[in-house]
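Everything numeric in this text was worked out from a predicted model, so none of it was measured.
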Amino acid sequence: MYNPESKIATEFISDEEIRSTISYARENSNNKELVEKILEKAAEFKGITHREAALLLECDEPEIVERIYTLANEIKHRFYGNRIVMFAPLYLSNYCVNGCVYCPYHAKNRNIRRKKLTQDEIKAEVIALQNMGHKRLALEAGEHPLLNPIEYILESINTIYGIKHRNGAIRRVNVNIAATTVENYRKLRDAGIGTYILFQETYNKENYLALHPTGPKSNYEWHTEAMDRAMQGGIDDVGIGVLFGLETYRYDLIGLLMHAEHLEATYGVGPHTISVPRLCKADDVDTADFENAVPDEIFYRIVAVIRIAVPYTGMIISTRESVKSRERLLELGVSQMSGGSCTSVGGYVKEEQPEENSAQFDIADHRSLDEVVEWLLDLDHIPSFCTACYREGRTGDRFMTLLKSGQISNCCLPNALITLKEYLKDYASPSTRAKGEAMIKRLLEDIPNEHARRKATEYIGRIESGERDFRF
């Protein structure tokens, strides 16, 4: 039985409904009248259902595909403009008790170097990230009840928020750790986290169990219902995602959108973010062992369809993707990306030798944060280091209400320009600084609210004089 309002995993993610949807999409992929109606509905910028999204994904007609891309671009700019929020992952520990066959952290891997950061080592990593210019981190750790207990995570969050180095500060810590209890989610909320992130990996239960043969993560229901417990624990900004390539992309796209529909139906607010990682090579993991690899053109269409289906949700792309793919995805819906990333434990301070590898996966974009920022400026995107909404309590349904009404634009553009100014003043290369200053001067005039425009101009002047941390 499919029931989006149920809190039972196999009811809000119904295998029968997913397979029925795949059949429906295949049967109607040449129904131009139906496809046209879905595109008309999508053009209202209010989203479409998982069935409608599956049908759009199934259409191969070049004209329809181009319309999907164009519409995704329009929706992205309607709600997020040219702003791209920057972040970096911070790996605390790669000790893990799970047996996930696609992840080098799995317990049986004897090749990878295991490491857990001390609080002093975390401080050193955070200072290194602050010296790049980062203000927002995604905290990562393997699942190990003894070595990575919730107390260690909480202590680490407290350490991160407490580090002030020169003009640096981490203002938002998002957390990507294993599914846990309502009580522990309350503790994470009280620690001041931003978004709680957990990837489903795949929504196909049978395949999920095969991919996770041992460890706590092998419990499909416990993992899939984690966001419900996070919501019950008071975390109203949650981020979902799948690892494309573990299952057929059709199945997991539908499951992903059904999960978003479930959160909306049950809690009145969908996911704050959706991540779209693709399976890539890593230590002890060979992508040739997996038969569901997603080629670029299909991947681009997946991202565009997600943007159309959930227009209010932020979309994240990591350095798993090449520069070419990241540039294409910017136009199709991505609103957040990492820069200058390292997926090793302790890797921001110490450059590892190959035999010391502790990385979770191989990255494809090796550019520094400054190189990524300059690249975004060249593409006329605004690199944003904004964390204002979380710090002003604009989370959950409050954030979504402002986004859906369009009122959030009175905050987002000023905050993006203010935080970009901080970056340019404190961290940018001369070339990046010149391009960024020109963009700020030009875009200040585009702030629609006169009061906000005056205040933003004032704040930018005060940043130039040495003050920091203004926000709308």
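Taking the side chain as every heavy atom from C-beta outward, Arg468 and Ile463 approach each other to under 4.5 Å. Pro216 has its side chain out of reach of Trp222: every pair of non-hydrogen atoms, C-beta onward, lies at least 4.5 Å apart. Put simply, the side chain of Leu56 reaches to within 4.5 Å of the side chain of Ile48, judged on heavy atoms. Within the 4.5 Å cutoff, the side chain of Phe290 has heavy atoms near those of the Leu211 side chain. With a 4.5 Å cut-off on side-chain heavy atoms, Val97 and Leu146 do not count as touching. Residues Met227 and Leu198 are in side-chain contact: their nearest non-hydrogen atoms beyond the backbone lie under 4.5 Å apart. Side-chain contact between Met132 and Tyr427 is absent, with no heavy-atom pair separated by less than 4.5 Å.
Asn148 places no side-chain N or O within 3.5 Å of a backbone atom of Ala141 that could act as its donor or acceptor partner. For Asp237 (side chain) and Thr395 (main-chain N/O), no donor-acceptor pair under 3.5 Å exists by modelled atom type. Judged purely by atom type and a 3.5 angstrom limit, Arg433 uses its side chain to pair as donor or acceptor with the backbone of Ala428. Checking side-chain atoms of Arg83 against main-chain N and O of Tyr80 turns up a donor-acceptor pair under 3.5 Å. Judged purely by atom type and a 3.5 angstrom limit, Arg307 has no side-chain atom pairing as donor or acceptor with the backbone of Ile75.
Of all non-hydrogen atoms in Ser429 and Asp370, the two that sit nearest each other are OG-OD2, 2.7 Å. Nearest heavy atoms, Val276 versus Phe299: O-CZ, 3.1 Å.
Residues Arg328 and Asp296 are not paired through a salt bridge, judged by the lack of any N-O separation under 4.0 Å between the basic side chain and the carboxylate. For the pair Glu392 and Arg471, the salt-bridge criterion is met [side-chain N within less than 4.0 Å of a carboxylate O]. Checked for salt-bridge contact, Lys205 and Asp15 miss the test: no charged N lies under 4.0 Å from a carboxylate O. Taking a cutoff of 4.0 Å between a charged side-chain nitrogen and a carboxylate oxygen, Glu125 and Lys115 do not qualify as a salt bridge. Electrostatic pairing of Arg166 and Asp426 does not count as a salt bridge here, judged by no charged N lying under 4.0 Å from a carboxylate O. Remark: Asp60 engages Arg301 in a salt bridge, criterion side-chain N to carboxylate O under 4.0 Å.
With respect to His272, the ring-ring contact (aromatic ring centres under 6.0 Å, His included) criterion is satisfied by exactly one of Tyr312, Tyr196, Phe399, Tyr390: Phe399. For the side-chain contact (heavy atoms from CB on, under 4.5 Å) test with Arg320, the passing option among Pro277, Ser325, Ser341 is Pro277; the others fail.
In this structure, Arg442 places its CZ atom where more than 12 heavy-atom neighbours from other residues, nucleotides or ligands lie under 6.0 Å away. Atom NZ of Lys324 has 12 or fewer heavy atoms from other residues, nucleotides or ligands within 6.0 Å. Within 6.0 Å of CD in Glu206 there are 12 or fewer heavy atoms belonging to other residues, nucleotides or ligands.
Note that OG1 of Thr180 and CZ of Arg186 are 12.0 Å apart. Values are rounded to the nearest 0.5 Å.
Every residue meeting the side-chain contact (heavy atoms from CB on, under 4.5 Å) condition with His165, not counting sequence neighbours, appears here in chain and number order: Ile127, Gln130, Asn131. By the side-chain contact (heavy atoms from CB on, under 4.5 Å) test, Leu379 is found to be paired with Glu327, Leu330, Trp375, His381, residues two or more places apart in sequence or in another chain being considered.
Relative to the ring axis of Tyr152, Lys116 places its NZ or CZ within 45° and under 6.0 Å from the centre.
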